[in-house]
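Below is one structure, written out as structure tokens; the observations come after it.
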Amino acid sequence: MRRITAWRRRPWAGYAVVLAALAAIGVIYAGFSPQTGRAEAESTAQAAQDLKNGQQLFNKNCASCHGLNAEGTKDAKGKPIAPSLLGVGAASVDFQVSTGRMPAMSPGAQFPRKTPIPAFNTEIKTDYEEPAKRKAAEEQKAQAEKNLADLRAYISSLGGGPAVPPASATDPSKGDVALGGKLFRTNCAQCHNFTGQGGALTGGKYAPPLSKSDVTPTQMYEAMLTGPQAMPVFNDTTLTPQDKQAIISYLVQTREQPNPGGNGLGRIGPVSEGLVGWLVGLGLLVMAAMWITAKKPKKLKKS
């Protein structure tokens, strides 16, 4: 103990303790920092690789219309051929590509929904009985999902924009169906019909049906958020995220409801149903009257 006490009283003892503490901290830091730095480097390298893949996909499938820098293109008369994608965001890319509207086959008044091209088709069948076939389909689907994510990331890197909504924001079970019906009839029914059956617009355009199961809740949210083609943009100040979720809940519940009368007649409203009732009912009555009058008694025919 006397030796230790004597050692501590020496002038350089304090410096030795500080140096030992610094050395210990350095050893501990060296043990952890390489792993963290390596993980960050790998993450950065992977992100750069994903962006490069997104750019290659864009150049291959989109640049011919939207330009090599996504600035949009015009014809010789200055009329726009394809709009700029700067600032449209990941949500717009996800909606247009996942629904098959983009890449477009040819310009027109309206780009219809179709099966996405194989590079972006995330809805391919994977429930094959043959293991080899099922594995190949699952790998193709996984690659398509990655391609779509990389394309979204690349377009977002050019100018930001609305992001793809999270699953919690599009869950139909968490929305207010009554509020959604009210908001849908106020903001959407003029074009889509009050049950989402769609309808014709001017200039060869139309509002697509929302009653089919292939229209996912995420795509509904993205359409409201980005306003594709003739549809207006319903940003979060016009329709809050809760309002959008309520509309999605209303549409999903409506299309799952059965038709109590048998044939729904397109669910386009009571006017069409009443018209069919009158035409069919009156037609049957007229035919019955003609059949009755045609069966005259034989005595009356002789006279």
Side-chain angles (χ1 to χ4, degrees), residues 88-96 98-101 110-114 122-123 161-280:
V88 299
S92 179
V93 176
D94 189 71
F95 174 82
Q96 298 288 356
S98 67
T99 59
R101 290 178 169 87
Q110 185 94 4
F111 297 110
R113 185 187 183 103
K114 63 181 186 298
T122 61
E123 301 298 329
V164 176
S168 59
T170 61
D171 188 353
S173 63
K174 297 181 180 179
D176 187 337
V177 177
L179 175 62
K182 181 180 179 180
L183 292 170
F184 185 84
R185 289 187 292 271
T186 302
N187 299 281
C188 317
Q190 295 87 343
C191 298
H192 289 282
N193 178 274
F194 73 98
T195 56
Q197 300 298 312
L201 303 175
T202 59
K205 299 179 181 180
Y206 59 91
L210 306 175
S211 56
K212 298 181 179 180
S213 59
D214 59 350
V215 183
T216 65
T218 299
Q219 292 167 356
M220 294 180 191
Y221 196 108
E222 291 169 343
M224 289 185 278
L225 193 62
T226 62
Q229 301 185 84
M231 182 174 173
V233 176
F234 294 97
N235 55 35
D236 289 344
T237 58
T238 306
L239 289 175
T240 65
Q242 291 75 19
D243 292 341
K244 293 183 178 69
Q245 190 171 35
I247 291 175
I248 293 171
S249 300
Y250 167 74
L251 289 171
V252 172
Q253 186 186 82
T254 300
R255 70 186 181 190
E256 292 177 352
Q257 290 178 344
N259 297 311
N263 192 332
L265 299 176
R267 290 187 173 185
I268 57 178
V271 175
S272 62
E273 296 171 359
L275 180 62
V276 171
W278 274 100
L279 292 178
V280 174

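Atom set for the values below is all heavy atoms of this structure, side chains included, hydrogens, waters and symmetry mates excluded.
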Hey, what do you get for CG (D243) to NZ (K182), rounding to the nearest 0.5 Å? 10.5 Å
Residue pairs passing the ring-ring contact (aromatic ring centres under 6.0 Å, His included) test with at least one member in residues 163-188, sequence neighbours excluded, are F184-Y250
Where is the tightest heavy-atom contact between M220 and V215, given as atom of each residue plus distance? CE-O, 3.7 Å
Salt bridge (Lys or Arg N to Asp or Glu O under 4.0 Å) pairs touching residues 227-241, sequence neighbours excluded, are D236-K244
N187: side chain to side chain contact (heavy atoms under 4.5 Å, CB included) partners, not counting sequence neighbours: L183, F234, L239
Rounded distance (nearest 0.5 Å) linking atom NE2 of H192 with atom CZ of R185: 15.5 Å
Please output the side-chain donor-acceptor pairs of residues 166-176 that fall under 3.5 Å, not counting sequence neighbours, one pair per line with the distance.
{"residue": "T170", "atom": "OG1", "partner": "A167", "partner atom": "O", "Å": "3.3"}
{"residue": "D171", "atom": "OD1", "partner": "S173", "partner atom": "N", "Å": "3.2"}
{"residue": "D171", "atom": "OD1", "partner": "S173", "partner atom": "OG", "Å": "2.8"}
{"residue": "D171", "atom": "OD2", "partner": "S173", "partner atom": "OG", "Å": "3.1"}
{"residue": "D176", "atom": "OD1", "partner": "A178", "partner atom": "N", "Å": "3.2"}
{"residue": "D176", "atom": "OD1", "partner": "L179", "partner atom": "N", "Å": "3.2"}

Distance-only check: which donor-acceptor pairs under 3.5 Å involve side-chain atoms of residues 221-228, not counting sequence neighbours?
{"residue": "E222", "atom": "OE1", "partner": "F95", "partner atom": "N", "Å": "3.4"}
{"residue": "T226", "atom": "OG1", "partner": "E222", "partner atom": "O", "Å": "2.7"}

Can you list everything that forms a salt bridge (charged side-chain N to carboxylate O under 4.0 Å, His left out) with R113? Sequence neighbours excluded, please. D214
Tell me, please, which residues at least two apart from Q229 pass side chain to side chain contact (heavy atoms under 4.5 Å, CB included). R101, Q110, F111
Under the side chain to side chain contact (heavy atoms under 4.5 Å, CB included) test, which residues partner Q253, sequence neighbours left out? V177, Q257
Who passes side chain to side chain donor-acceptor pair (under 3.5 Å) against N235, sequence neighbours left out? T237, T238
Which heavy atom in Q96 sits nearest to a heavy atom in T99, and how many Å separate them? O-OG1, 3.3 Å
Heavy-atom closest pair, residues N193 and G198: CB-O, 3.9 Å
Rounded to the nearest 0.5 Å, how far does CD of Q242 lie from CD1 of I247? 12.0 Å
I'd like a table of donor-acceptor pairs (distance under 3.5 Å, sequence neighbours excluded) in which one partner is a side-chain atom from residues 204-212, with atom names and distances.
none

